[in-house]
Amino acid sequence: MIGNTSIVKGKRFDLGGMALYFFLTALGLLMLAPLVYMISSALKPTAELFLFPPRFFVVNPTLKNFKDLLLATGTSIVPFSRYIFNSVVVSTSIVIGSIIIAAMAAYPLSKHKRLPFKKTIFNLVIFALMFAPQVTQIPQFLVVSKLGLMNTYVALIVPALAAPVSLFLMKQFLDQIPDALIEATRIDGGTEWTTFWRVVMPMLKPAWATLSLFSFIGAWNDPWSANIYTTTENMKTLPLALQTLSGGYGVVARVGTVAAASLLMVIPTIVVFVVTQRMVLETMAHSGIKE
Amino acid sequence: MSETTAEMTGAAVKTKSAASGKLAILWREMKNHKVSYLFLAPFLIIFTLFTIVPVATSFVLSFTYYNIVEPPRWIGWSNYKLLFVDDDVFLKAIVNTIKFAVITGPVGYTMAFLLAWVISQIPVKYRFFYTLCFYTPAITSAIAISVVWLYMFSGDRYGLINYWLIKLGVFNEPWLWLQSIKTQLLVMIIVSLWMSMGIGFLAFLAGLQNVPRDYYEAGAIDGIRSRWQELWYITVPSVKPQLLFGAVMQVVSSLQVFDISIQLLGMPSVLYAGHTVMTHLFDYAFIRFEMGYAAAVAVVLFLMMVGLNRVIFKWLGSEE
């Protein structure tokens, strides 16, 4: 059955296919195991956390760890909810801002055929795609501190807005939208601005999904910016707070609380992934990366 | 004689006016595209301020001694000399990073591609479950998940892995996974392989779904016999752009391994056995505040990435 791309061929029993499914499922569950363990520890009462022999699943689930998390940190420095609030503000602003900025920049690069320096700008962005953002961290830190932006939301948001990956994906996607549609709006007397908002932006919806997934995960999981651009406790974001809470390596004492905090940190990324997944695959398929 | 000089000056004047004419045309074109530049402005301003200027500054700073308090002082190649000749820890970091990248890069990349290939062949309704299984580890942050790994690799008999290994009779006593210089790098590699189904995996998955069916039919007529031949002669060439994209992303992420090292092994790790280029950079920049030296580390890392990506483009880039 060469040429048939599916492993399960009709209703016929297929030993090779079965083996493959078995292998895939086993591997998939193995990949999920650490996450299941995290959920289970977050729900474990203290007695079960330090049980010997160690136990994988929780027997008497409790929400005590979550209560401890909110209370323990609440009385000490700033309430834990403040970190969550910071993270939500920063990540949402980065997602929305970078989508708009990248789409605006991609539009002329893709659709204004005779724009001078078009190629130079695009090549520069491609080049920037190739190295770690951390390499620029030191001077970025100097720029931010010279501009007097330390400990502000601006410092946490603005540097992340112009991500080369976003522009690249947006442009590749726009390249596949027929020019005729945009021409039609221009002939009807639309200005560039209205063309952009009424025609281009709606057509880019699948690209938004991809970008929101990538930029949300990037922003939400990023301890760097907060680590470098903030010095006060109430400007910390979730990952940085978690890093301090866990106290570095080898600390087992508050494992339940840390597991609860970690779980709170992981859940949003999974939710965003599930929501955007369909659209993401669609975008990747039509876009891009395909030339 | 005089005629030729006249001719020559005439020509010179002509080219000069042609050049200024070209500039004028360019200027007019640019003015005509005022709106386009306005669209580009927000991105370009932020990009320049937070990417181009910093990269340039990094290069300049790497030739200076700069501790933030005093103004930078020019010291030429000293930082680089120190890095490659006297800084044993940096050499260790480079070796660690390369070892790490050489293993996780190709293995993670191949795993991502093969898994995507297998998933792309199963019916759509089951695909989501498997995509979720394999992709979720990549979207969890190293910091959040370290609580689990710290426990699994814990050095006493409470650690899950030690417990099992002792029970199975492999070890007699608990092994200090995170403190022993023999296993630190291994733990980093295992954890990052677990997290490696990232953006490349999604790109492969999408690309594989889009390989036109007729290619396979044509291949069958041309005498392709097994699934492996199909993979090698048809599938791989059809998803080259995605392969390239995935490879670039893999290189960047393998070389900048940082969070995992700090979270699991501490800063600094025991005897620097889990030290990487990025942790070295962080150490000098934000703990010791020797910005000039740290900038030199950044430049070395940058050159490593650009160099490796060049190689990748040579292998996988299309011949345009």
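Within every chain, numbering begins at 1; the chains are lettered A, B, ... in the order of the sequence lines, protein sequences first and strands thereafter. Fair warning: this is a prediction, and the values are worked out from it, not measured in the lab. No hydrogens, no waters, no symmetry mates; every other heavy atom, side chains included, goes into these values.
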Quick check: do [X] and [Y] have side-chain heavy atoms less than 4.5 Å from each other?
{"X": "B/Ile122", "Y": "A/Tyr21", "result": "yes"}
{"X": "B/His33", "Y": "A/Pro116", "result": "yes"}
{"X": "B/Leu150", "Y": "A/Val258", "result": "no"}
{"X": "B/Tyr151", "Y": "A/Ser41", "result": "no"}
{"X": "B/Ile145", "Y": "A/Met38", "result": "yes"}
{"X": "A/Met104", "Y": "B/Phe43", "result": "no"}
{"X": "A/Leu115", "Y": "B/Tyr37", "result": "yes"}
{"X": "A/Ile121", "Y": "B/Phe47", "result": "no"}

Distance check, rounded to the nearest 0.5 Å: [X] atom [atom1] versus [Y] atom [atom2]?
{"X": "A/Met265", "Y": "B/Ile143", "atom1": "CE", "atom2": "CD1", "answer": "6.5 Å"}
{"X": "A/Leu24", "Y": "B/Tyr130", "atom1": "CG", "atom2": "OH", "answer": "5.5 Å"}
{"X": "B/Leu44", "Y": "A/Ile101", "atom1": "CG", "atom2": "CD1", "answer": "11.0 Å"}
{"X": "A/Trp220", "Y": "B/Ile139", "atom1": "CH2", "atom2": "CD1", "answer": "12.5 Å"}
{"X": "B/Gln121", "Y": "A/Leu20", "atom1": "CD", "atom2": "CG", "answer": "8.0 Å"}
{"X": "A/Phe141", "Y": "B/Met291", "atom1": "CZ", "atom2": "CE", "answer": "5.0 Å"}

Over 12 foreign heavy atoms within 6.0 Å of OH, B/Tyr126: no

More than 12 heavy atoms from other groups under 6.0 Å of CZ on B/Phe289: yes

Ring pair (Phe, Tyr, Trp, His ring centres under 6.0 Å) partners of B/Tyr66, counting only residues at least two apart: none

Listed partners of B/Tyr135 passing ring pair (Phe, Tyr, Trp, His ring centres under 6.0 Å), at least two apart: A/Phe273

Count the heavy-atom pairs under 4.5 Å between each of [options] and chain B, then report the option with the highest count.
{"options": "A/Phe117, A/Tyr37, A/Phe196, A/Trp193", "value": "A/Tyr37"}
{"options": "A/Leu35, A/Leu27, A/Val274", "value": "A/Leu27"}
{"options": "A/Ser98, A/Pro159, A/Ala103", "value": "A/Pro159"}

Residue pair [X] / [Y]: nearest heavy atoms and the distance that separates them:
{"X": "B/Val147", "Y": "A/Ala259", "answer": "CG2-N, 4.1 Å"}
{"X": "A/Pro139", "Y": "B/Thr57", "answer": "CB-CB, 3.8 Å"}
{"X": "A/Leu242", "Y": "B/Ala144", "answer": "CD2-CA, 3.8 Å"}
{"X": "B/Phe134", "Y": "A/Met31", "answer": "CD2-CG, 3.7 Å"}
{"X": "B/Val148", "Y": "A/Pro34", "answer": "CG2-O, 3.5 Å"}

A/Asn227 and B/Phe282: CA distance, side-chain angles, deciding distance, side-chain contact (heavy atoms from CB on, under 4.5 Å) verdict: CA-CA 11 Å; A/Asn227 201 348; B/Phe282 185 82; 3.8 Å; yes

Check: A/Asn221 main-chain N/O paired with B/Ser141 side-chain donor or acceptor under 3.5 Å: no

Worked verdict on B/Leu49 versus A/Val158 for side-chain contact (heavy atoms from CB on, under 4.5 Å): CA-CA 10 Å; B/Leu49 201 58; A/Val158 175; over 6 Å; no

Heavy-atom distance under 4.5 Å to chain A: side chain of [X], backbone, both or neither?
{"X": "B/Leu132", "answer": "both"}
{"X": "B/Met195", "answer": "neither"}
{"X": "B/Ile45", "answer": "neither"}

Go through the atoms of [X] and report whether side chain, backbone, both or neither lie under 4.5 Å from a heavy atom of chain B.
{"X": "A/Ile228", "result": "side chain"}
{"X": "A/Val165", "result": "side chain"}
{"X": "A/Ala163", "result": "backbone"}
{"X": "A/Leu142", "result": "side chain"}
{"X": "A/Ser166", "result": "neither"}
{"X": "A/Val143", "result": "side chain"}
{"X": "A/Leu263", "result": "neither"}

Polar side chain donor-acceptor pair, A/Tyr107 to B/Ser36, under 3.5 angstrom: no

Winner by heavy-atom pair count (cut-off under 4.5 Å) against chain A, out of B/Gln229, B/Met30, B/Met304: B/Met30

